[in-house]
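Working notes, beginning with the structure itself.
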There are 2 protein chains.
Amino acid sequence: MKNSQLYKGSLNTIIMKLLEENGKMYGYEITQKVKAITQGELNITEGALYPALHKLEAEGFLDVEIEKVDNRMRKYYKLTESGEKETVNRLSELEDFIRNMQSLVNPKLEF
Amino acid sequence: MKNSQLYKGSLNTIIMKLLEENGKMYGYEITQKVKAITQGELNITEGALYPALHKLEAEGFLDVEIEKVDNRMRKYYKLTESGEKETVNRLSELEDFIRNMQSLVNPKLEF
DNA sequence: TGTTATGTATAAGAATCTTATGTATGTTTG
DNA sequence: CAAACATACATAAGATTCTTATACATAACA
């Protein structure tokens, strides 16, 4: 997703946060939502998204539900109980990460 | 560096920012500085640091100067002109990244 | 009828990091 | 005084995550 290497490692957290917020979403919907929220700055590629969803499912953090809408398949994902707990942890880690990065990059704000 | 995958991709930016701030630094010094600034939360491993420094040097963003202090070798790195320009770009990308992540994770703050 | 949008999927390769190991000197501590 | 820890660099094997490319399928639009 995107050119900047900075986003590497953050995709899982983004997915889980969006699912926490919206209950259930399908892959394509996630890409569009992220694009909208970031005003087009962050474009998740399918090659990153689908393997990530499959892995989160395999780890027991997501449940799948297949629907057919307008004759097109959709795989809706939602957080499991375990996934909800993990989401809290990952969001906390993300906050720590952002705080640390700001300390490193904007040291004047510390005082 | 660290357990959380979030830091993946941010090491180069961290290095360049520290060099911009401190003029010149050697590898071990960078690891200690980062540990101090983040209160021990972020520990850069040598396996990540040294290859990163070598690559930045190969790309023309860093210059090296070897010194011997207390009978121990130190390789001081500093930004080249090209490296200074690149640092500005990467810090700007980092700010965009942090802003985008906050929009995704803390959407209520947008309004 | 060709392009764009919607929708999922995988495979090859690139980039970045972890873990482990190696070398070497200086300092502290039991 | 010997072992552990701190300082200082380096690299190699493997894991993880992503990009790029490709594939399949339906619907809408121009």
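In this text, all values refer to a predicted model and were calculated from it rather than measured experimentally.
- Using a 4.0 Å heavy-atom distance criterion, A:Ser10 is classed as a sugar-phosphate-only contact.
- Remark: side-chain polar atoms of B:Asn43 are paired, donor with acceptor, to backbone N or O of B:Gly40 under 3.5 angstrom.
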Just the atom pairs and distances: protein N or O near nucleotides 13-15 of chain C's N or O, under 3.5 Å.
from: C:dA15; atom 1: O3'; to: A:Gln5; atom 2: NE2; distance (Å): 3.0

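- Here the straight-line distance linking atom CG of A:Asn106 with atom NZ of B:Lys17 works out to 7.0 Å at 0.5 Å rounding.
- Between A:Lys35 atom NZ and C:dA5 atom C1' there is a gap of 10 Å when expressed in whole angstrom units.
- Remark: P of D:dC18 and OH of A:Tyr7 are 13 Å apart, rounded to the nearest angstrom.
- Side chains of A:Ile66 and A:Arg74 form no contact here, defined as non-hydrogen atoms less than 4.5 Å apart.
- Distance alone, capped at 3.5 Å, is enough to place a donor-acceptor pair between the A:Thr80 side chain and the A:Gly60 backbone.
- One can place CD of A:Glu57 at 13 Å from P of C:dT8, the figure rounded to the nearest angstrom.
- Other residues sharing the hydrophobic cluster of B:Tyr28, ordered by chain and number and joined by side-chain separations under 4.5 Å: B:Tyr26, B:Tyr76.
- Put simply, A:Val69 and A:Leu53 are part of two different groups of oily side chains (I, L, V, M, F, W, Y) that touch within less than 4.5 Å, one to the next.
- Between B:Asn71 and C:dA24 there is no side-chain polar atom (N or O) within less than 4.0 angstrom of OP1 or OP2.
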**Request:** Encode nucleotides 6-11 of chain D as B, S and - characters from 5' to 3', where the letter depends on protein heavy atoms closer than 4.0 Å: B to the base, S only to sugar-phosphate, - to neither.
**Result:** SBSBBB

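- Linking Ile, Leu, Val, Met, Phe, Trp and Tyr whenever their side-chain heavy atoms come within less than 4.5 Å leaves A:Val88 and A:Leu91 in two separate clusters.
- In terms of heavy-atom proximity, B:Ile15 sits nearest to B:Ala52 at CD1-CB, 4.0 Å.
- Per the geometry, CG belonging to B:Leu6 stands 12 Å off C1' belonging to D:dT17, to the nearest Å.
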